[in-house]
S.K.: 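The structure under discussion is supplied below as structure tokens; questions concerning it will follow.
Quick caveat, the model's predicted, so the values are computed rather than measured. Per chain, numbering begins at 1; letters A, B, ... match sequence-line order.
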2 protein chains.
Amino acid sequence: MMKPTIYDIAKKAGVSAATVSNVINERGRVGDKTRKKVLAIMDELQYRPNTAASVLKGKAAFTIGFFVPDMLNPVYMEYVKHAEERAQERGFSIMMCSTENDPVKERLQADVLRQKNVDGFIITSKFQNEELLREIEREQYPSVCIAHERPDFQFDSVSGNDWEAGIMAADYLFSLGHTNIAMIAEKDSVSSYGRIEGFKERFRKKEMKQPLIRYAEASIDQAKAMALNLLKQDDRPTAVFGGNDVLAVGIMQAARTLGLSIPEDISVIGLDDTFLCQIVSPQLTAIAMPVKKISYRAVDLLIEQIEKGGTLKSTDLFPPVVIERDSARKL
Amino acid sequence: MMKPTIYDIAKKAGVSAATVSNVINERGRVGDKTRKKVLAIMDELQYRPNTAASVLKGKAAFTIGFFVPDMLNPVYMEYVKHAEERAQERGFSIMMCSTENDPVKERLQADVLRQKNVDGFIITSKFQNEELLREIEREQYPSVCIAHERPDFQFDSVSGNDWEAGIMAADYLFSLGHTNIAMIAEKDSVSSYGRIEGFKERFRKKEMKQPLIRYAEASIDQAKAMALNLLKQDDRPTAVFGGNDVLAVGIMQAARTLGLSIPEDISVIGLDDTFLCQIVSPQLTAIAMPVKKISYRAVDLLIEQIEKGGTLKSTDLFPPVVIERDSARKL
DNA sequence: CTGAAAGCGCTAACAT
DNA sequence: ATGTTAGCGCTTTCAG
């Protein structure tokens, strides 16, 4: 017994397929008893419209392509999680797609998803493939960038305010009396750049000597290695700012292997406020990015684009907030 | 300028659509120069076949529906991650879908995904909705269960050997000289049940008094609360086994708030070996489930079902292995 | 080796 | 208020 089609319903209800379609889509005028009858039969036969057919007719697929660069940093999983949650509420599904920051994969998967008629893209990090980005822009393919502004492109973007987060990190540490402060920042990342600039800005304003900044990939081990190096110096900083939580965890581990205790010997703070912060010990004080809000807004924006057609070119910036826990102390 | 269709290619190449279809699908006999010409034009016009159309014709959608129960336990994210990785290698995409262990959501989303013509399901935990499961079984909808055997259903399943993992946990702790051991186990979970039974089995075999077992949801806070209670007893255990890593982290936090140091005052071990183990301090000794292998195998099995049609009814069980780190010590 | 034609399930004018 | 019809882009016999 095959899955019932709209014709099976129509036949059984003694009406035409068009009428069934009309009741499904609540379009056109349909008599009240006709509607009820059709509805009853759909229910009885457990009818489910075939999305492929309506997509072929030009309707939406109610599916969003979601790109993540790498799963090493849990913040991306948190973005996916919340986006899926919101998408479900809005009647959309998420096709998840990890690109490993590889321009070839980006191109491949973007093509695959477009073949599959996903209605739009959410991009959680810088695509390496600028050509692809230009193409998406040109075709006005509905897309929004998360945590990753691209002033050079006509994309909607929604992020936490990285620059402000950098500032808050500096100010918070200053307020604790620290002056000899270092930062370990993520390499090659747009958001990282904002965070660094905000951070440095504050030192400049106070006419203090610029903080030491080291760069690492967003991996615990790399951060640990950089931090080890940093903390072995003669004039060891009293506080280290991790440009994201993963980096901060690496810093904590470095401190521990050097026998430095946190926060007594050294303060460390993170940025993002992923669940990592609550798992490490001591729990990590961090500048929190409103990840959930960002995801929700990105999904809503994208759906608006899909419904209205075309890009809105809005740039939403959410303010960060500091979450005090136990990894930083007053000097 | 619209996206080119197969007809555009056909016209420009001076052949029929059927021929173009043949070269795309490498079917039928096509002359060598015809093929080359068609290929060249496809490339030039950046032609991408529209999946909706071929799905409508009855071909595969190259898409897998992946159900996760909740994102609180990172092990599910690790399953998704690896499944997506493997799916991509095999030319499939993943539609991720979280069900929050809610039977209504399960039903809703399963219906949605079937409408969207996903080729099969991967289910990472017990569906609450048995009726749905029976339906999937009856329709022979390609499906495989991960980490979640259902002997009562005709589903393929691939898991780590939970029973053996429980045994290994007990044996490992015995080998360290512990005898007063407790376990905090996850409530209402099929895998948890196996883990518990294996664990108890070993005590029975040794004719020791049965271990204390407490139940909690897979959340750090709940585990912590249970552990707090457990560790305040007069006859405090010298080792606690967390039925999964999240639970183990909760136990560690409880120990810490009681001023007990790990592993000096108390040993704790986890199960799954998610990245949590490497983040906490001390790093967590754990029984490792081969999550990556499981995901890969599940994807491969599912694709085999999709290609061959119908279920295979195989039950793959991967052996766990203990990963020693720093959270347990010899008594 | 290649083409003509029918049809997958649904939608949207346009008729009635 | 409902039905007729054409067609979305592709695949697949079946002829030639």
S.K.: Out of C:dC10, D:dG9, D:dG3, which has the shortest distance to the side chain of A:V15?
M.R.: D:dG3
S.K.: Heavy atoms under 4.0 Å, any strand shown: does A:G58 hit a base, just sugar-phosphate, or nothing?
M.R.: nothing
S.K.: Send over the distance from A:K116 NZ to D:dG9 C1', rounded to a whole Å.
M.R.: 17 Å
S.K.: May I ask you to say whether A:K12 pairs ionically with A:E44, meaning some side-chain N is under 4.0 Å from a carboxylate O?
M.R.: yes
S.K.: Indicate the atoms forming the closest heavy-atom contact of B:I94 with B:E84, along with that distance.
M.R.: CG1-CA, 3.7 Å
S.K.: Over how many whole Å does the gap from A:I9 atom CD1 to C:dT11 atom P extend?
M.R.: 13 Å
S.K.: Take the protein atom CG of A:N117 and the nucleotide atom C1' of D:dC8, then report the distance between them rounded to whole Å.
M.R.: 11 Å
S.K.: Rounded to the Å, how far apart are B:K11 NZ and D:dG9 P?
M.R.: 13 Å
S.K.: Looking at B:T5, I'd like to know whether one of its side-chain N or O atoms comes within less than 4.0 Å of OP1 or OP2 on D:dC8.
M.R.: no
S.K.: Got a salt bridge between A:D32 and A:R35, using NZ or NE/NH1/NH2 to carboxylate O under 4.0 Å?
M.R.: yes
S.K.: Can you name the nearest heavy-atom pair linking B:P69 to B:T99, along with the distance?
M.R.: CA-OG1, 3.7 Å
S.K.: Would you say a side-chain N or O of A:S54 is under 4.0 Å from OP1 or OP2 of C:dG9?
M.R.: no
S.K.: Closer than 4.0 Å, any side-chain N/O of A:Y7 to the OP1 or OP2 of D:dG3?
M.R.: no
S.K.: Reckon B:S16 has a side-chain N or O less than 4.0 Å from the OP1 or OP2 of C:dG3?
M.R.: yes
S.K.: Got a list of protein N/O to nucleotides 12-16 of chain D N/O distances below 3.5 Å?
M.R.:
unit_1	atom_1	unit_2	atom_2	d
D:dT12	OP2	B:R27	NE	3.3

S.K.: Roughly how far, to the nearest 0.5 Å, is CE of A:M42 from CG of A:D8?
M.R.: 13.0 Å
S.K.: Please report the distance, rounded to the nearest Å, between CG in B:D8 and C1' in D:dC10.
M.R.: 13 Å
S.K.: Do A:E78 and A:K292 meet the salt-bridge criterion of a basic N to acidic O distance under 4.0 Å?
M.R.: no
S.K.: B:I6 CD1 to C:dG3 C1': how many Å, rounded?
M.R.: 13 Å
S.K.: Which heavy atom in A:E137 sits nearest to a heavy atom in A:F153, and how many Å separate them?
M.R.: OE1-CD2, 3.3 Å
S.K.: Can you check the A:N50 CG to C:dT11 C1' distance for me, whole Å?
M.R.: 13 Å
S.K.: NZ of B:K36 versus C1' of C:dC1: gap in Å, rounded?
M.R.: 16 Å
